[in-house]
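Structure first, then comments.
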Amino acid sequence: MSEEKSLNFLEEIIETDLKNGKYKQIITRFPPEPNGYLHMGHATSICLNFGLTKKYPGYTNLRFDDTNPVTEETEYVDSIKADIKWLGFEWKHELYASDYFDQLYQFAVTLIKKGLAYVDDSTSEEIATQKGTPTQAGVNSKYRDRSMEENISLFEAMRAGKYKDGEKVLRAKIDMAHTNMLMRDPIIYRIKHAHHHRTGDKWCIYPMYDFAHGQSDSIENITHSICTLEFVPHRELYDWLIEQLNIYPSHQYEFARRNMTYTVMSKRKLLQLVNEKHVSGWDDPRMPTISAMRRRGYTPESIREFCDRVGIAKRENVVDVGLLEFCVREHLNRIALRRMVVLDPVKVVLTNYNDEVEYITSEGNADDVNDSTRAIPFGKELYIEREDFMENPPKKYFRLFPGSMVRLKSAYIIQCNEVIKDAEGNIVELKCTYLPESKSGNDTSGIHVKGTLHWVSAAHAVKIEVRLYDRLFKVEDPSNEEGDFKEYINPDSLQVIPNAYAEPALKDAKFEDRYQFLRKGYFCLDKDSTTDKLIFNRTVTLKDAWAKEQKK
RNA sequence: UGGGUUAUGGUGUAACGGUAGCACUACAGAUUUUGAUUCUGUCUGUCUAGGUUCGAAUCCUAGUAACCCAACCA
């Protein structure tokens, strides 16, 4: 039953820690900075951090890393909370690094008193020069040897607002010749006369990441502080500060960030796409943000499944977006209601059908026992998909062509007899006959056809708008290409079909429902819909063996 | 000319000195009133070179490659 699934490296560490009695429970945290929307990379981290404390005893905090008032906003706080909840996770405590500003200030004072921090008057450029390079040792600042008393009073003056932005900083006193650049007297406090989204104007000095993150972890007794690989060099400083401050020893562990093909996954790049209007906003359905994927019709289940299948490790990776699509198809196939919509219509007239309207029944979802069937109007005039008819079909084409027979889904078998064209030679109508004895459910015709088409009764068709999305970029790894990543944006990533023909049942579409437009893909209602005009987003296409066959 | 991290099929991830497995993809086939779903099968892999060992993806040595580090960002 419970065939054992292998553990990832973090689960191994945790199981060892639990087994050794190092911890009775584990505490993790998800630490977003509220300066942007969450994306699939964050989803990985969320599933990891919250998933770990679902699997093992303990809990996970949500902590906003809000130490830079210039870039952070409440709008982002709200969106982040909504996204985590939507993904299906619950945090134990909602916390903010800014909750700890008083405590962090005291930590800084402690460091100064121990002779391990000093106020530096150097300019930003001077400090950068002092740092040296990865291959050259840095040099000490001329302010490095100020007395403890002087440092204390200068730091108090910084806090009191006596200085302008950039005039002074507080630096840890470690080693300017250290091989780890981060240990070369890192800046731990800077002056920013800026309004903070939570603390308002109480502070004009703010701690840097390195002097906030680890300390916040420690205050919250985080046992496993999980972050991405680029923070590996920070771990030495993280540990050094905890040791010097003699506070609860949280530990940092790093895993490789998640990348996906045909998209970009950095907040900076996503912000550019939004600001430069390459997309309509953070929740444009083509974006890899959680809010965009929600709007597009992805389910939390499918995203969690994706994260689970990909797993975590420490090596660079670019996951095939096809796996994400597989996961969402797998879930949607189970839950989506089947409906028929013709995106690019061509009219079919059944010459031997009378003028009455007949209602045929069809299943909403064959896999769902609770789902009821629905009645669909059928009549003399119908629409089918233009690509489902060819005058001169290639081999293996088993849709409609002159003389051929196909089944109309849940209805009758029809045969094409005549093609009507306009002056320009465009096909405007197909005259067909239907086989009365071939009705679905009691077909006595004895005829087997290879093709089954979706259709909509012309007299009952409901006009809807359909938005088809394709990958946002033309290349697998836009960040790794020559030049700017925006040069590789796919110009055809959005295709709007203003007037698709839908069966009447779709008039009652609900936002929370998922639909499969037969043979066309999975769709959901978009928030731009009005009562006059329903708008549907294509979440993902169906697998298309015919399209593949044609490429050969 | 520094420090750190990582190398397993096309992609992602297992194997913890003992048969290189799983999933996605690709390909072939069966079923199908969705060319969907479902089912079956096939292909492709241990960065390189040495060494230790009865036996190495795993241990040792030497290379190679990729990524990260010089923001008063996180």
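First the proteins, then the strands, lettered A, B, ... as listed; each starts at 1.
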In whole Å, what separates the [atom1] atom of [N] from that of [M]?
{"N": "B:U11", "M": "B:C68", "atom1": "C1'", "answer": "23 Å"}
{"N": "B:G41", "M": "B:C47", "atom1": "C1'", "answer": "32 Å"}
{"N": "B:G18", "M": "B:A56", "atom1": "P", "answer": "11 Å"}
{"N": "B:G21", "M": "B:G9", "atom1": "P", "answer": "14 Å"}
{"N": "B:U13", "M": "B:C69", "atom1": "C1'", "answer": "28 Å"}
{"N": "B:U58", "M": "B:A20", "atom1": "P", "answer": "14 Å"}
{"N": "B:A49", "M": "B:A30", "atom1": "P", "answer": "43 Å"}

Side-chain donor/acceptor of [X] to base of [N], under 3.5 Å:
{"X": "A:Arg339", "N": "B:U34", "answer": "no"}
{"X": "A:Arg407", "N": "B:U33", "answer": "yes"}
{"X": "A:Arg338", "N": "B:U34", "answer": "yes"}
{"X": "A:His454", "N": "B:A36", "answer": "no"}

Provide the Watson-Crick or G-U wobble partner of [N], both distances under 3.5 Å; none if there is no partner.
{"N": "B:C24", "value": "B:G10"}
{"N": "B:A70", "value": "none"}
{"N": "B:G55", "value": "none"}
{"N": "B:A36", "value": "none"}
{"N": "B:A62", "value": "B:U48"}

Legend entry - Test: A:Arg339 cationic atom under 6.0 Å from A:Tyr515 six-membered ring centre, within 45° of axis: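 Relative to the ring axis of A:Tyr515, which defines the angle, A:Arg339 lies outside at least one limit.
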Inset, instruction - Using the six-membered ring of A:Tyr163, assess whether NZ or CZ of A:Lys168 lies under 6.0 Å from its centre and within 45 degrees of the ring axis. - result: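 Yes; both conditions hold, so A:Lys168 lies above the ring face of A:Tyr163.
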So does [X] get a side-chain nitrogen or oxygen closer than 4.0 Å to the phosphate oxygens (OP1/OP2) of [N]?
{"X": "A:Arg519", "N": "B:G35", "answer": "yes"}
{"X": "A:Lys548", "N": "B:C27", "answer": "yes"}
{"X": "A:Lys543", "N": "B:U37", "answer": "yes"}
{"X": "A:Thr179", "N": "B:G2", "answer": "no"}
{"X": "A:Arg190", "N": "B:A71", "answer": "no"}
{"X": "A:Arg315", "N": "B:U8", "answer": "yes"}

Remember a base hit wins even if backbone is also touched, and classify [X] as base, sugar-phosphate or nothing at under 4.0 Å, heavy atoms.
{"X": "A:Phe231", "value": "base"}
{"X": "A:Leu518", "value": "base"}
{"X": "A:His213", "value": "nothing"}
{"X": "A:Tyr206", "value": "nothing"}
{"X": "A:Gly441", "value": "base"}
{"X": "A:Gln516", "value": "base"}

Inset, instruction - Between A:Ile312 and A:Arg399, name the one whose nearest nucleotide on RNA chain B is closer to the 5' end. - result: A:Ile312
Taking the side chain of [X] as its heavy atoms from C-beta onward, which of [options] lies nearest to it?
{"X": "A:Met208", "options": "B:C67, B:U34, B:A74", "answer": "B:A74"}
{"X": "A:Lys192", "options": "B:C73, B:U25, B:A7", "answer": "B:C73"}
{"X": "A:Glu316", "options": "B:A74, B:G35, B:C67", "answer": "B:C67"}
{"X": "A:Val169", "options": "B:A14, B:A74, B:C72", "answer": "B:C72"}

Charged N to carboxylate O below 4.0 Å: is that the case for [X] and [Y]?
{"X": "A:Arg198", "Y": "A:Asp99", "answer": "yes"}
{"X": "A:Glu220", "Y": "A:Arg29", "answer": "no"}
{"X": "A:Lys162", "Y": "A:Glu156", "answer": "no"}
{"X": "A:Arg171", "Y": "A:Asp120", "answer": "yes"}

Inset, instruction - Give the rounded distance in Å between these two atoms: CD of A:Glu325 and P of B:C24. - result: 14 Å
Inset, instruction - In whole angstrom, give the distance that lies between atom CD of A:Glu254 and atom C1' of B:C69. - result: 13 Å
Inset, instruction - Could you tell me whether the side-chain ring of A:Tyr209 sits stacked on the base of B:A74, using a centroid cut-off under 5.5 Å and a plane angle under 30°? - result: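 So A:Tyr209 does not count as stacking on the base.
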Inset, instruction - Evaluate side-chain hydrogen bond (donor to acceptor under 3.5 Å, both in side chains) for A:Thr16 paired with A:Asn20, printing each intermediate quantity in order. - result: CA-CA 6 Å; A:Thr16 304; A:Asn20 293 346; 5.8 Å; no
Legend entry - Side chain proximity check, A:Asp121 to A:Glu167, heavy atoms < 4.5 angstrom: no
